[in-house]
Every structure is written in structure tokens, then in C-alpha cells.
2 protein chains.
Amino acid sequence: MNQKDSVCQQKLMVTRDAVEVIQGKWRLPIVLALTFGSKRFGELQRDIADISPKMLSQELKALEENKIITRTMYDSMPVIVEYSLTPLGKSMNKMLEELLKWGVHFREEILGKQAVAKRS
Amino acid sequence: MNQKDSVCQQKLMVTRDAVEVIQGKWRLPIVLALTFGSKRFGELQRDIADISPKMLSQELKALEENKIITRTMYDSMPVIVEYSLTPLGKSMNKMLEELLKWGVHFREEILGKQAVAKRS
DNA sequence: GTAAGTAGTTACCCACAAGTAAGTACAAAC
DNA sequence: GTTTGTACTTACTTGTGGGTAACTACTTAC
């Protein structure tokens, strides 16, 4: 079977799209932080270790463009902005679990049968 | 819930490990090409559109280090080298399927309900 | 009036991922 | 002896992901 076969090519493209959404240093931590409910900019910045406001703002924009999260502004007096997962964002759950599962398996093989991240 | 919580941190690290293995421009195409059986260097180069020998060699090495593929040299007279998935490499299947599934869902949401890559 | 808290933006820099082009080394075929 | 086919390697360049530091704008509290 050949990679240039069109069905195969399309599968590759679609899988690549999925990887793109979660790739990079910060997308995964942001999505994970929001699985526990909506959060404000400052909260996210405090929860995610070492992220700069520039990167947080940039990645939030990218995730919003991909319809993974929504941004809601409240006209309260200290202006408040809340980010939360869309249904599409929430639907990543199973995929992320599969990644975690395989990641555990991978660690065991690579690091020589040491159990990591066994509990939820 | 906080990202700095250690269990959560560990989950993040492990998931990130999984993403790292398939991230970059060429790892996914290489792994997919090898799911159809072992292949030689030249075959891979022909099957994967636009990959240069440098990138192919480099990514094959990385995948070998991660125990995703094995490299086998045959002492035949035009020296022949075969690459194939290890059991660990084959175990990526379910994860990749989940990525594809979500990717299809993602495309539908983003591109407005157009069905893509419906068949295997 | 100055500090602190809200939510960012802007400018500059660097390291690394990836691309390009050419070269290496060996043998078989013609 | 030159081309073809095997499987790469090396040197150089470019593009982008990400980091740092400082700045913006608005309000409340002291």
C-alpha cells in the first residue's frame, strides 16, 4: 500500500489536523486546565507553570479559532474574561485518554517497566 | 483543580510524551507507511511525498531510538535495509484511530459539516 | 497619587525544525 | 568506464516556535 493513495493521504491529513490542535508546548496544558471548568486569564496563568501572558494569549486565540474553547467577556467593573471548552473541546476527552494510555505503555517500554501515572 | 497538582502534572507529561512521538512533519507518515508491512529506505522515500533523504534518515533514527521501529540490515550484495514496526509501534494503532476519529469530527465542525475520509 | 489587580500587547532575540543541494561509498549492469 | 541503484551523510540556509522584558489601559483600594 502506498502513501500516495488518496484515501490514505486523506487519513494522514485528518490525523495530522488532530495532532496540530494539541501540539506545541502549551495547548495541552490549557485544554487540560479547562476540563475542570471555565477559568479566567489570570487563573490559567497561575495554574499553568511558567507560561507567559504572551504565550497564553496567543494559544488561547488559536484554540478559539479552532473552536476548541470560547471566550466570554463580562462587563463587570474590573473587566472579567472567562474561557471554557466548547462541546468540540470536550469531545477531545476520549482522544486524550487514548494518548495518555499509550503514553503510559510507551513509558513502561522505554524506561524499563516502571509504572507511571497509574491513578486518575 | 490545579495544573500544579502532581497527579495532573504527571498525566500531562505522559500525554506530552505520546504527542512528541507523533509530532513533527514526518513521523506520522512514516509510521502509517509501515503499518502496511516492513519497507526499505528507498520504498519509504518513494511512498512519502516530498520527504528528503536527510529527513527520512533523521526521523527513522528518532523512531528507532523510541523503539517504535526496528532497522534490519541484510548482507545481500546491494546492501538492503528494512524498517518495520515493533510491537510498541503496532500498539499505537488504537491511539492513531482515536486521533483520526476526532480529526474527522473536528473537520466537520470547522469546515461546516463536510464529510471527509469516511471509509477505511 | 501610587500600588495592585483585571487582561492583555509589542518589540526584540534565539534555538531548533526543516528544506536544499551536493557528496559519499559500494556493487551490478551495460 | 559510465550509468544506475542501494542507503545514506554533510554543509549551509531559512522559517517559526517560543522566551524575555517592558508597556498599555482601565478600576479599585489605600
Side-chain angles (χ1 to χ4, degrees), chain A residues 3 12-13 15-34 37-66 68-84, chain B residues 3 12-13 15-34 37-66 68-84:
Chain A
Q3 197 79 191
L12 173 58
M13 277 177 49
T15 309
R16 238 178 334 199
D17 285 345
V19 174
E20 248 164 59
V21 172
I22 54 174
Q23 124 197 99
K25 195 168 176 183
W26 301 114
R27 308 233 172 129
L28 220 39
I30 292 171
V31 169
L32 287 181
L34 291 176
S38 51
K39 286 191 173 163
R40 314 222 308 256
F41 191 90
E43 272 183 286
L44 285 168
Q45 204 180 171
R46 265 173 268 118
D47 283 2
I48 302 171
D50 298 324
I51 195 167
S52 68
K54 174 197 150 186
M55 289 312 295
L56 182 54
S57 163
Q58 178 183 302
E59 297 306 295
L60 285 169
K61 254 175 215 160
L63 288 168
E64 205 194 341
E65 271 168 26
N66 284 332
I68 306 297
I69 64 174
T70 48
R71 190 188 120 111
T72 318
M73 259 187 82
Y74 296 101
D75 281 11
S76 55
M77 256 328 126
V79 146
I80 277 179
V81 182
E82 265 197 356
Y83 296 92
S84 50
Chain B
Q3 197 81 190
L12 173 58
M13 276 176 50
T15 309
R16 230 158 4 186
D17 286 346
V19 174
E20 248 164 58
V21 171
I22 53 173
Q23 128 196 93
K25 195 168 177 183
W26 301 113
R27 307 233 173 129
L28 220 40
I30 293 171
V31 169
L32 286 181
L34 291 176
S38 51
K39 286 190 175 164
R40 316 222 306 257
F41 191 91
E43 272 182 286
L44 285 168
Q45 205 179 173
R46 263 173 270 119
D47 283 3
I48 302 172
D50 299 324
I51 193 166
S52 68
K54 174 198 150 187
M55 290 310 295
L56 182 54
S57 164
Q58 178 183 303
E59 297 306 296
L60 285 170
K61 255 176 215 159
L63 288 169
E64 205 194 342
E65 271 167 28
N66 284 332
I68 306 296
I69 63 173
T70 47
R71 190 187 120 111
T72 317
M73 259 188 82
Y74 296 100
D75 281 12
S76 55
M77 256 328 127
V79 146
I80 276 178
V81 182
E82 264 197 356
Y83 296 91
S84 49

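Everything numeric here is computed off the predicted structure, so don't read it as measured data. Here is the naming used below: chain letters follow the sequence lines, and residue numbers restart at 1 for every chain.
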What's the verdict on side chain to side chain contact (heavy atoms under 4.5 Å, CB included) for B/Arg71 and B/Leu60, showing C-alpha distance, side-chain angles and the deciding distance? CA-CA 9 Å; B/Arg71 190 187 120 111; B/Leu60 285 170; over 6 Å; no
Counting only Watson-Crick pairs (N1-N3 plus N6-O4 or O6-N4) and G-U wobbles (N1-O2, O6-N3), all under 3.5 Å, who is the partner of D/dC30?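 By the stated definition (distances under 3.5 Å), C/dG1 pairs with D/dC30.
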Under 4.0 Å from OP1 or OP2 of D/dT9: is there any side-chain N or O of B/Lys61 that close?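 B/Lys61 to D/dT9 OP1/OP2: side-chain N or O found under 4.0 Å.
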For D/dC8, take OP1 and OP2 only and decide whether either is under 4.0 Å from a side-chain N or O of B/Arg40. no
Tell me which nucleotide among [options] gets nearest to the side chain of [X].
X       : options               : result
A/Arg46 : C/dT6, D/dA7, C/dG8   : C/dT6
B/Glu59 : C/dT9, C/dA18, D/dA7  : C/dA18
A/Ser52 : D/dT20, C/dA18, D/dA7 : D/dT20

What contact category does A/Tyr83 fall into here, base, sugar-phosphate, or nothing, at under 4.0 angstrom with non-hydrogen atoms? sugar-phosphate
Just checking A/Arg27: base, sugar-phosphate only, or nothing, at a heavy-atom cut-off of under 4.0 Å?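 A/Arg27: no heavy atom of the nucleic acid under 4.0 Å.
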5′-ward residue of the pair A/Pro53/B/Lys25 relative to DNA chain C: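 With A/Pro53 and B/Lys25 compared, the 5'-side residue is A/Pro53.
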Min side-chain heavy-atom separation B/Leu63-B/Arg27 under 4.5 Å: yes
Whether the side chain of A/Lys54 and the base of C/dG8 hold a donor-acceptor pair under 3.5 Å is what I'd like checked. no
Nearest-Å distance for atom pair [atom1]/[atom2], residues [X] and [N]:
X       : N      : atom1 : atom2 : value
A/Gln45 : C/dT6  : CD    : C1'   : 11 Å
B/Ile80 : D/dG5  : CD1   : C1'   : 11 Å
A/Ile22 : D/dG17 : CD1   : P     : 16 Å
A/Met55 : D/dA21 : CE    : C1'   : 15 Å
B/Gln58 : C/dT20 : CD    : C1'   : 14 Å
A/Tyr74 : C/dG8  : OH    : P     : 13 Å
B/Gln23 : D/dT16 : CD    : P     : 17 Å
A/Glu43 : C/dT6  : CD    : C1'   : 12 Å

Go through the steps for A/Leu34 and A/Ile30 under the test side chain to side chain contact (heavy atoms under 4.5 Å, CB included), then give the verdict. CA-CA 6 Å; A/Leu34 291 176; A/Ile30 292 171; 4.2 Å; yes
Look only at the side chain of A/Arg16 and the backbone of B/Lys25, and say whether a donor-acceptor pair between them is shorter than 3.5 Å. yes
Gap between atom CD1 of A/Ile80 and atom CE of A/Met73 - 0.5 Å precision: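 One finds 10.5 Å between CE of A/Met73 and CD1 of A/Ile80.
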